[in-house]
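A quick write-up on the structure given underneath.
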Amino acid sequence: MPTPEQIWADADLPTRRLAGLALNPSVPESILLRLLSDAPLAVRMVLCRDRILPDAVALVAPV
């Protein structure tokens with residue numbers, strides 16, 4: 001199983017940009033939900049590790 005550091009190191013530029021979007025506190029919940037379901041692993045990792053999620057998103061976030 002890859003470590004978070006390996007996942008991030010393997011992320012390409014578009015994936016890193018999506019991760020930046022995931023960290024933006026003004027992004028609507030609908031976008032966060034879409035990132036959570038469709039984005040690459042590195043983006044989902046950042047979304048779930050590095051920010052406080054709105055309740056509607058946290059309820060569907062993987063544990």
Side-chain angles (χ1 to χ4, degrees):
M1 176 183 275
T3 65
E5 292 78 18
Q6 290 169 324
I7 293 168
W8 187 249
D10 292 342
D12 59 7
L13 184 57
T15 298
R16 289 174 183 238
R17 287 182 176 157
L18 284 175
L21 179 67
L23 292 174
N24 185 331
S26 65
V27 170
E29 289 177 2
S30 61
I31 300 298
L32 294 176
L33 288 168
R34 186 167 178 190
L35 289 173
L36 188 61
S37 67
D38 297 335
L41 179 57
V43 176
R44 297 190 319 262
M45 177 185 71
V46 166
L47 185 62
C48 293
R49 280 184 29 171
D50 298 335
R51 71 167 285 174
I52 296 172
L53 297 173
D55 288 341
V57 177
L59 292 174
V60 297
V63 176

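Numbering of residues begins at 1 and proceeds along the displayed sequence. No experiment lies behind these values; they were computed from the predicted model shown.
Between M1 and Q6 the shortest heavy-atom distance is O-OE1, 4.3 Å. Residues E29 and P54 come closest through the heavy atom pair OE2-CB, 3.3 Å. Residues P40 and L18 approach most closely at CD-CD1, 4.2 Å, considering heavy atoms. The nearest pair of heavy atoms linking L33 to A56 is CD2-O, 3.9 Å.
Dense packing is recorded around CG of L13, with more than 12 heavy atoms of other residues, nucleotides or ligands lying under 6.0 Å away.
The closest side-chain heavy-atom distance from D10 to P2 is not below 4.5 Å.
R51 contributes a side-chain N or O that, together with a main-chain N or O of N24, makes up a donor-acceptor pair within less than 3.5 Å. Between the side chain of R16 and the main chain of V43, no donor-acceptor pair closer than 3.5 Å is present. Formation of a donor-acceptor pair under 3.5 Å by the R44 side chain with backbone atoms of S37 is not found in this model.
Residue D50 holds its CG atom at 10.0 Å from CG of L53, rounded to the nearest 0.5 Å. Interatomic distance, CH2 of W8 versus OG1 of T15, reported as 8.5 Å (0.5 Å rounding).
With V46 as the partner, the side-chain contact (heavy atoms from CB on, under 4.5 Å) test is satisfied by one option alone out of L21, I7, L23: L23.
Note on V57 and I31: same hydrophobic cluster, where clusters join Ile, Leu, Val, Met, Phe, Trp and Tyr whose side-chain heavy atoms are under 4.5 Å apart, directly or indirectly.
Not a single side chain to side chain donor-acceptor pair (under 3.5 Å) links D38 to another residue, sequence neighbours left out.
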